[in-house]
Amino acid sequence: MTYDLVVIGGGPAGMAGAAAAALAGLRVALVDGGPRLGGQYFRHPHSAEPLRGRFPRLRAAVAGRATVLARHRVWTVQREDDLLAVHCLAGERDERPRTVRGRRLLIATGAHDRSLPFPGWDLPGVLTAGGAQALLKGDRVVAGRRIVVAGTGPFLLPVASGLAGAGADVAGVYEANRLTGIARRARPAPAKVAEATGYALELLRHRVPFHAGQAVIAAHGDTGLTHVTVARLDRDWRPLATRTVECDTLAVGYGFLPQLDLPVQLGCATRPGVDGSPVVEVDAGLRTSVPGVYAAGEATGVGGADLAEVEGLLAGRTVAMDLGRTARPAPALARRRRRLTAFAEALLRAYPVRDGWRGWLSPGTLVCRCEEVPYARVLEARDLGALDSRAIKLLARPGMGWCQGRVCGYAVACLMGEAPQPPRRPIAQPIRLGDLADQPEETP
Amino acid sequence: MPDVVVIGAGVVGAACAYYAARAGLEVTVVERGSVASGTTGAGEGNVLVSDKEPGPELDLALLSNVLWRELAELGGFEFEAKGGLVVAETGEVQRALTGLARAQAVEHEVVAPEDLPRYEPHLATGLAGGVFYPQDAQVQPMLAAARLLRHGAPELRTGETVTGFLRSGDRVTGVRTDRAEIPAAAVVNAAGTWAGEIAELAGAPLPILPRRGFVLVTEPLPEPLIRHKVYTAAYVTNVASDSAGLESSAVVEGTPSGTVLIGASRERVGFDRTLSIPVLRALARQAVELFPVLADTRLIRAYCGFRPYCPDHLPVIGPDPRAPGLYHACGHEGAGIGLAPATGHLVARLLTGAETGLDLRPFLPDRFAGETS
Ligand SMILES: Cc1cc2nc3c(=O)[nH]c(=O)nc-3n(C[C@H](O)[C@H](O)[C@H](O)COP(=O)(O)OP(=O)(O)OC[C@H]3O[C@@H](n4cnc5c(N)ncnc54)[C@H](O)[C@@H]3O)c2cc1C
């Protein structure tokens, strides 16, 4: 069966897009790799949203209207004449290949943690901020752990307050930026202020100290994490003074990177976002440069769940209109998108990654954990004639392993002094050779 | 003023620069990207004698094979003298294979079907035998190119594009780049798949076209399953084919990092990088047919590159009479890594006026006289 619209990604953007398009009468399939809908955001048990009912509302809007294909991991997308073919691996243990085809495609694949390397980041006990959320969500016990939260960005607060609320001993939150004048620059919506105030109160209640202008610049321990080095930073993130903080867990995150494997496969134009990381270029109707392909949510720029949902709604409506359905104009939605985008961009500007982190590395610090590439080898590759991160990868192998550069790609680009490039990953998910060999012949 | 400007820092340019420098010449290498950023960065690293028909290319491959072993002593890049096993599906193919091996007159062992597991324990059953070539080897081409440049120590100018030639009458007296003019007594065109464009700049066109190849890379395996380079006899015919359509015959091998490499396809589709599922499927099928255990191994990466291809499948090596002072070292198609040292060695001898010791006529640019590119 061919759908009018296939939506990839079951977070707020994808759910809203699927719901809007289905409401307009389109046959919609919503594909997501996870076991159930929700994406990253709604998996946060401690964000206030699900309790307030947005997730149930979106889920109800999708249910019965769109075909939900959970546990479908997309490994590649291809154009087939007028159709877009979404090649998935369905199921968990005995996964099998399955292709879903649509006349239109909405890519709402979200973002993943942006990591910076530092000495000891490969120790057991060091997690990404997103990973810490997953820890909370799973049954793994956090109570009794002594946790340091570090990095930059507004996401650190919900992570820390969530961990504290679950009974962890949060030793401190270390925000590398100084946050002067954020409120003035960002002009936050009242709801946002309330949300942030909520986290701050929660931290206060658990006596969690918050330190701006400080970062974890090294993690220590023999077999697992025992303590971290915290530094007070100057404006460029060069350490001014250091001290030691004991902990057995470190949750560290430097913002998020849009997940662009699939739009890049299709040839969608990208542009550098306000934080320098590439984002998909879209018009006011969320159309990408490739006919028939739309993008919404973090893929068009990291901006949070509210913005993602609004973009999803707009994208779903555009698809419906482009397929000849009538949809009433929604100037309020478009205005809301502009306002939320401005706010998101102000936040990205307020929480930049400064170059000084490079000085935290020592020659032995692993830059790529999958291939165990130390910083010294990156320097050597540069010395041998590599001008950019692609050449570094060819000569020194960072990004060649399991994660295909999702973890280290940003850092390697920064080390080479270049703006991070859109990822070229023709295979977005590992696929068994046997399954590939069994792909049906008629695929053009 | 350098004696020689080499255009291109792929494996061929690197080898030319290395041997020229060792012959006492002062060498400058101009590369528009990074070291090995062209086709060398997409190459698998086969150094094969097994796939060559008897003739000039095999002679070049045999010379290169010896030279790669010498260069490996310099260190700093992986070189594995692992040997290649060519297998036959049918008795008829096996007879053809053994016939070829005899005609090649290179070191080989004919392997009976029942002996195949001794070479490759995980090989599929039911094959009709094979031929083992101990000289076949594997090299990490990017690091090898970088290290050759380091050892030869030419002046290396990366991020600089050659845009034209300096001339004195017909004579080439250097290159013009987007940054400077570099006068030199001689210029070597080692621009790989783009060597036709360079030749065009010199008013001496060469028919070099891209032939696309995909390589598949699997997850790292906990223990090595595959010991040699293994491929089917079909590979030999595909390499020499003139078809523009898809041909694939997988060469399967394990690497020191634990991944399995499966490559490569051959297609003439211009410079199109779009992932092709039929190509991936064909390569995966052949790999699983050779090694059924691989069915459950996951593919984590696929990449493609564009071989510099000449209509007669032979490289272009030698001086260009249309532009005295210009030497070509390009068009090695799917064997540029394997053939790089011999090419560099020969070019250095030409540049210094020494005896080449190998009949260069089949490789000379003059052979295209009358053709237009
Ligand atoms: C998928 C695949 C697998 C392969 N596997 C093997 C294998 O196993 N064994 C083997 O022997 N061969 C293999 N090959 C072929 C091999 O990669 C090539 O033959 C070889 O790399 C060619 O090397 P080169 O130095 O001539 O070209 P390149 O590596 O392409 O170098 C040419 C350089 O010239 C530069 N350049 C171009 N124009 C200009 C300009 N105007 N100014 C300055 N610089 C310029 C380019 O940037 C480039 O770096 C494979 C090829 C592919 C595509």
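Every chain is numbered from 1, with letters handed out A, B, ... down the list of sequences. Since we're looking at a predicted model, the values are computed, not measured.
- For the atom pair CG of Leu384(A) and CZ of Phe77(B), the computed distance is 12.0 Å after rounding to the nearest 0.5 Å.
- Heavy atoms of Leu156(B) lying under 4.5 Å from chain A belong exclusively to its side chain.
- Rounding to the nearest 0.5 Å places CG of Leu275(B) at 9.0 Å from NE2 of His87(A).
- Looking at Thr218(B), only its side chain comes within 4.5 Å of chain A, counting heavy atoms on both sides.
- Comparing Asp388(A), Ile392(A), Leu436(A) by heavy-atom pairs within less than 4.5 Å of chain B, the highest count is held by Leu436(A).
- To the nearest 0.5 Å, the span separating CZ on Arg150(B) from CD on Glu380(A) amounts to 8.5 Å.
- At a 4.5 Å heavy-atom cutoff, the contact between Gln140(B) and chain A is made by side-chain atoms alone.
- Rounded to the nearest 0.5 Å, atoms CG (Leu216(B)) and CD1 (Ile427(A)) are 7.0 Å apart.
- Within the 4.5 Å cutoff, side-chain heavy atoms of Arg432(A) are placed close to those of Asp296(B).
- When all heavy atoms of Ala437(A) and Ala284(B) are compared, the closest pair comes out as N-CB, 3.9 Å.
- Using a 4.5 Å cut-off on side-chain heavy atoms (C-beta onward), Thr76(A) and Leu280(B) make no contact.
- No other option in Arg424(A), Arg425(A), Gln429(A), Glu371(A) has as many heavy-atom pairs under 4.5 Å with chain B as Arg424(A).
- Your options are Ala36(B), Cys304(B), Ala146(B), and the one with the most heavy-atom pairs under 4.5 Å with chain A is Ala146(B).
- Considering every non-hydrogen atom in both Met400(A) and Arg301(B), the closest pair reads SD-NH2, 3.0 Å.
- Atom-to-atom distance recorded for Leu143(B):CG and Leu394(A):CG is 9.5 Å, nearest 0.5 angstrom.
- To the nearest 0.5 Å, the span separating CG on Leu387(A) from OG on Ser37(B) amounts to 8.0 Å.
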- For Val260(B) and Leu433(A), what are the C-alpha separation, side-chain angles and deciding distance, and is it a side chain to side chain contact (heavy atoms under 4.5 Å, CB included)? CA-CA 11 Å; Val260(B) 174; Leu433(A) 285 172; over 6 Å; no

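- Taking each heavy atom of Ala302(B) and Pro426(A) in turn, the nearest pair found is O-CG, 3.2 Å.
- By the 4.5 Å heavy-atom criterion applied to side chains, Ser257(B) and Arg397(A) are counted as neighbours.
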